[in-house]
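What follows is a short report on a single structure.
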Amino acid sequence: MSDVMVNAGSVAFQADGSTGARKGVQVNRLDGGLIKGGKPLSFTFDGKRFKGFEGDTLASALLANGVRLMGRSFKYHRPRGPLTSGSEEPNALVELRSGGRQEPNTRATVAELYDGLEANSQNCWPSLQHDFMAINDRFSNFLTAGFYYKTFMWPAAFWEKLYEPIIRKAAGLGSISFAADPDAYDKGFLHCDLLVIGAGPTGLMAALTAGRAGAQVIIADEDFLLGGRLNAETFGIGDLTGAAWVEQAQAELASMPNVRVMPRTTIIGAFDHGIYGAVERTADHVLAPEAGKPRQILWRIYSKRAMLAAGATERPIAFENNDRPGVMLAGAVRAYANRWAVTPDQTVAVFTNNDDGHRTAADLIAKGVKVTAVIDTRADAPAVEGAELFAGAQVIDTRGRLGLESVRLRLASGITRDVPCGALAVSGGWNPNVHLTCHQRGRPAWREDIAAFVPAGELPQNMAVAGAANGDFSTAAALRAGADGAVAALSELGIEAKAGELPEAEDAPINVTPFWYVKEGKGRAWLDQQNDVTVKDVKLAHQENFRSVEHLKRYTTLGMATDQGKTSNMGGLAIMAELAGKQIPEVGTTMFRPPYTPVSFGVMAGRSVGEEFRPTRKTPSHKWAEEQGAVFVEVGQWLRAQWFPKAGETHWRQSVDREVLQTRNSVGICDVTTLGKIDVQGKDAAEFLNKMYANAFAKLPVGKVRYGLMLREDGIAYDDGTAARFAEDHFVVTTTTANAVLVYRNMEFARQCLFPDMDVQLISTTEAWAQFAVAGPNARKLLQKVVDPEFDISNEAFPFMGCGEITVAGGCRARLFRISFSGELAYEIAVPTRYGDAMIRKLMEAGEEFGAVPYGTEALGVMRIEKGHAAGNELNGTTSALNLGMGRMVSKKKDCIGNTLSEREGMNQEDALKLVGFKPVNAADPVQAGAHLMNANGEVSAATDQGYITSAAYSPVLGCSIGIGFLKRGDSRKGEVIRAVNPLEGKEIQVEVVSAHFVDPEGERLRG
Amino acid sequence: MRYSGLKVIKEALTGHKGWRPTWRDPEPKKSYDVVIIGGGGHGLATAYYLAKNHGITNVAVIEKGWIGGGNVGRNTTIIRSNYLLDGNEPFYELSLKLWEGLEQDFNYNAMVSQRGILNLVHTDAQRDAARRRGNAMILNGSDAELLDTDGVRAMYPFLNFNNARFPIKGGLLHRRGGTVRHDAVAWGYARGADLRGVDIIQNCEVTGFKIENGKCLGVETTKGFIGANKVASCVAGSSSRVMEKAGMRLPIESHVLQAFVSEGLKPVLDGVITFGAGHFYCSQSDKGGLVFGGDLDMYNSYAQRGNLPVVEDVMEGGMALIPALGRVRMLRSWGGIMDMSMDGSPFIDKTHVDGLYFNGGWCYGGFKATPASGWCYAHLLATDTPHKVATAYRLDRFRRGCMIDEKGQGAQPNLH
Amino acid sequence: MIINHPILGPRDSQEFTYLGDASLIDRPDWQADNAADQFCDYLYLRDNPAGAHRELWFHEQGDRSWLVVTRNTVTHEILNVELARDVARARGRSK
Amino acid sequence: MGKFDNHGLKAISPLGGHEPREDAFAGLLIREVTDRALASLAARQGRLEAVHSAAESFLGGALPEPVRWRAAGEFAAWWMGPDLWMVSAPHDSHELLAGELKQALGEAGSVVEQTDGWCCFGMEGARCFDVLERLCNANVRAGKAGDATRTSMEHLGVFLLCHEPGQRYSVIGPRSSAGSLHHALVSAAKSVI
């Protein structure tokens, strides 16, 4: 009793986590540690200023300043302090930084302290100390696992209107600022013989062994300090302290050019065939990255062999009110004391079921911290010096509002006893970090002697596991496993390595006796501290038959918090096993999936952000078009001029109408480089194209171009273009802009897989030639000024659908095609791309006397609709040659891709859709693409749907809006008036079914 | 036992002793009228509607593992009725209508939440296609609105309107679309079916069919032979594996689709956004996690996991659309096995074997289809005629040339 | 995944474009009596095995070779990689 | 950039300038290269031997093996795929390289002008490894002089030719995306240096 009195003062002093802060002193900073001599740093938490040292984490610095309260839990908003000193932390989550750099849910236990660090508590209001939502804790009995599945159902409308908005507001943890992240991120690729995951004693020994053998080695650790537990323990290696040995090892590794040491680097996932994802935090430990330098880097590591040396994670014991700030894992308390020279409080008690817990007591005592009790669940617990031991005892409850004040024990004798303490160091044993072994097909196996799961089953290809991650917990065992593991891995690669002499190190067993939770007490005992999952919840899940591990997890949310259950899954599993009367291994484990710890969107995106999200392809005339003030549009990856506004034009339609009319009345020029171009050569080139196109090409004369339609094997039309024959064994094929890659891929498939003995060679030349359409009645006159005189391009010498190789501008090689998309007398002329910019300038100059205009994709679209040419909107992947009105083009006399299946009955019904044109009955009505077609009378419904309009535009030539599209039996309904309905935008107009060839249906102009 | 707020309060005050198993774990009987293979969403829904709509309760649902462990528990929880083609839209509209009354119907709160789904549009051609689709939706009794850039900005001002590689030109908004707590759907149907007498048999794998002169008599399982008048396969993801035991080859490939969830965040996204140009879609769960996904991994796979390139591709899309996500962390990824069919549309049909029925080929549209799939499959099983909104989902449609190809990609499953 | 290209050695599968079952090489004869049925089976039906699967990959970001990769669809282990052109010839395809 | 406007048309570089672009960093120079003419050379069916011998006499050196490139005098060639090579020569003296090559090969090979299908960036300096490992998955640190690797950088397919490991490389990508490729190289350099 007197104990309590004596300590009441110190407890009160600690109770409000910020008292120390106000005094501005690091009340809980001890001597020694690895940060001694570290540069002093200043930082703020919830606006209060604190001091810490270089080498601190936010958590260690706050603890040093007497701050235990760092967060609130998800559901009940219970006060929480750090449970751990590592990345498995469930409780101490804060919002780090502010503005575009605000970073929610950051674990204070791994946030490296830097000068000027700004952190704020999250998921609490109005303040961390006084959180309104803590009211939930009062109603916890109603808010048990899955309660929400059983209520909020009446009245139905209330879910979205009332219940859900409240739940959504209350839910979530941290918040984002909604400002764009100002930092840069990067990606990279690394290759190695051996990837060592984790730089504790095991990993370091493995890296040394492999490095000395000359192998290419990468060793990565999530911590900013190499050494793993060696930094947290007092025992040495050989005649050095653990930390000194680490320094020595690190120095040797640094001296090896074949070894890459990567601190602050988390291996996030084990992917197929030895590929690992790694996130390196290059600038999270500074205020802001240098300009241009990345905040984080995603590395894709290609490894021939990998060794998982990720150590182990300590697990807690569940007991009533085991979640108060100050209740921590014993190994973490030890780490804070030995590495960071910090104790969570001046009085500490220890609760353990294994010898490891005793180390915490011993180390704290050695540092002058008062250890008020060592509570060991084992009746045969070893003796302790300098602290009272309660063997066979249990902690049955705790006290303290915002921080631990005392714990209540049930002694072996059966009597209870209150022990004052501002911190309780709990150890329930250690779980090997098997996570990465499970990312593919590994399924851990139970090892009784350490009461934990160890890696088993099919590990990722070429991965081995060593040290604590494999259940070998002693330092000596770790060193040995690291060395031997490296030797074994390298020998598989034919690299000889030697384990060599290993230094002396502690080799003590941990003697754990499984103890999962204290059965006594009616209150709540926490398993998952972040999601507020208690022992009671697991029992309820069992009662309601959510008994498989996955059901347990999904029903209670156990292990689904930001820590992915690293400290909680095991306890839940053990309790479920007990309730089901099974052994733990029979219950199984939940799947561990990537990432090992959460990774930012930013780093996964790397440099592919904003305008650089995907590459941009520019046409040869881009620079010139910019000078003309062209408006550009994305067409796939291409940027194309959409129209060329002239001074005084206030609406895009004015520009487009002008471009169309001037082209049809005189001449216009358009950059059509984006069309795919494939060069096809070989003795069988013609026969090959016969297979590729639905129509015949074998007999196409040299010097001629032919329109071609390509089908998929299922008989659907998927691309069209032209093929120009330059020689018996040489064609140049064009594809649509969108399908250039696909057509090339399909041609290679046919060439290599279907007709492997055909003599045909393919290569893309899309980018090699700058190609311009010159269209309009004056097209020839214009070109005659540019084409070198020795080439006769008169109608007789160079008729419609002719092609040839010529020269322009005094000797520049070029290709001329007399083809027309606009329906006018038109040519396409191609020059090597580097001359494209000069060529468009030359063409415009030559066209001046005719008032030549450049036209963009809009005018191009208008003119092709006026001519009824099918394009992307018509070749939409569901339309056949028959639908397009090209049924007769599909040759039945030869084999070609798609002709057999195009004959299926479903694709040849008499009411099939046919491509036709539409004119508004009232010329003022706009025809809209996407409108559906209905008969003149009768209901408007899906059942009476007659088809749809695919493309529409205002035709300045016809002076009204026009459209083309697919109509049932369309070809036989010319002249019929039907309705184009657009309920989406509340529009309905009458249209007349007409031929899709609005302009020059006989095609006299293009032959002229 | 009926669930209600009152019941929750009563149990809270009496130590939660009254809660009973959500479903029983019976031993299988010798035979049933109908044996449904697969305890996923569709299988459990089928059992539920067989009992509720058709009074057929002598039914077993046999599940290889634990119920709801397949795609119903591995999806991004989106529900919608925004299809284009006649063969599909009436079916998905029925499904959405069923979702709208589901919780009151099976007395389980699956958190059906119609906060809207927005398909972004980036080009004029996409707007034309969106208009055609939106009109098809309305003509089929669904809802749709066509938004311009400002309309999208008003809903989600934090999307990238400044330096986007593919500028947002508008979007097709489907207000009745939304999300559902996926696991609860399986549990709710299981509970509803169980209460009506259906046997749910977990950890029982089908090892073969007993087929004699063209008639299916039952299934061989790891718990012995179970006789049945009708056997209904409903194992999307494993369809080929199961039907192969009946000697069938299917127009289906199995592909892996990854999905992701971020750490919990205070409200960011109210509805669902799909960013076609960047292969990214995203919503936010009631718990606060951003639930997002993108493309298939593209190769055939039965492994419920994917690889890094697609993870990067998806999150690149996320950053391209919402630059404010830079510091948000992805917490967990998982993979589901998709029955990718040859035209991207499903099958609910009899097979050439008398008494053997098939439901599958859901691609990644299976979750939203759950109620209608169960409804129509139950109708087919009970009446031996296809339900009127599912008449197109026949296995012989490719032979007939009657594909239902929403995306127009042809016979390449991984592109649907 | 890593695909061990017969000419180039190990390459990241990200450089490749996937098509599907290698049976797509066996395009039927258009003049066969039951050509329509053969083409339907060819184009639409799949074994879709859980286990070894012969499949077509195109090295689009590489040397433009079509490969036949034999891969286990359950473990993703790659058992064999061949040039599709060689496979096609071995299966009797010519012109 | 060379004098390849031997007619009325003045050329511009892939990045759109009249002079090649240069970006200098400590230990790395990124230089736009515009003075090479390119032509692809594919062997006709069954004519591989003929192509090899004809090419050898034309180039003054044998065609390279898979994944390799080789320079012989003013000519150079790299392997692009089975029975397929890219040949390069100085643009000033060989603007019509494709024609010359076709002359030399006749019926044995298919030749296609590729000069302007590509853009090329030279990378020179001690930081090549550090920058390249941020850009592509090729194992550059294990590379040898004469390697010609097809790989991708920032979603773009490129050829990476190694002149001197760690010191000198050519990155050859699609011409229309020169700007994006250049941006990738420069931002990777900034990120490292």
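In what follows, chains carry the letters A, B, and so on, assigned in the order in which the sequence lines appear, proteins first and then strands, with residues in each chain numbered from 1.
- Using a 4.5 Å cut-off between heavy atoms, Lys169(B) contacts chain A through its side chain alone, with no backbone atom that close.
- In this structure, chain A has heavy atoms under 4.5 Å from both the backbone and the side chain of Lys287(B).
- With a 4.5 angstrom heavy-atom cutoff, Phe158(B) touches chain A only via side-chain atoms.
- Listed here is the closest heavy atom pair of Tyr3(B) and Trp154(A): O-CH2, 3.4 Å.
- By the 4.0 Å N-to-carboxylate-O rule, Asp313(B) lies close enough to Arg614(A) to be salt-bridged with it.
- Taking the side chain as every heavy atom from C-beta outward, Asn307(B) and Ile275(A) never approach each other to under 4.5 Å.
- Partners of Ser175(A) according to the side chain to side chain contact (heavy atoms under 4.5 Å, CB included) rule, which considers only residues two or more places apart in sequence or in another chain, are Glu95(A), Gln102(A), Lys266(B).
- In this structure, the ring of His439(A) has its center no less than 6.0 angstrom from the ring center of Trp334(B).
- Neither the backbone nor the side chain of Leu93(A) comes within contact range of chain B, judged by heavy atoms closer than 4.5 Å.
- Under 4.0 Å is where a charged nitrogen must lie from a carboxylate oxygen, and between Asp25(B) and Arg547(A) no such pair does.
- The residues Glu312(B) and Lys187(A) are annotated as salt-bridged, a charged nitrogen and a carboxylate oxygen being separated by less than 4.0 angstrom.
- Contacts of Ala179(A) with chain B are made by backbone atoms alone, with heavy-atom separations under 4.5 Å and no side-chain atom involved.
- When all heavy atoms of Leu984(A) and Asn135(B) are compared, the pair lying nearest together is N-OD1, 2.8 Å.
- Looking at every heavy atom in both residues, Gly326(B) comes nearest to Tyr185(A) through O-OH, 3.6 Å.
- Side-chain contact check for Glu164(A) and Ser113(B): at least one donor-acceptor pair (N or O, by modelled atom type) lies under 3.5 Å.
- Heavy-atom distances place both the backbone and the side chain of Gln284(B) under 4.5 Å from chain A.
- Residue Trp23(B) touches chain A through both its backbone and its side chain, counting heavy-atom pairs closer than 4.5 Å.
- Applying the side chain to side chain donor-acceptor pair (under 3.5 Å) test to Gln126(B) and every residue at least two apart in sequence or in another chain returns nothing.
- Only the side chain of Met403(B) comes within contact range of chain A, with at least one heavy atom under 4.5 Å from a heavy atom of that chain.
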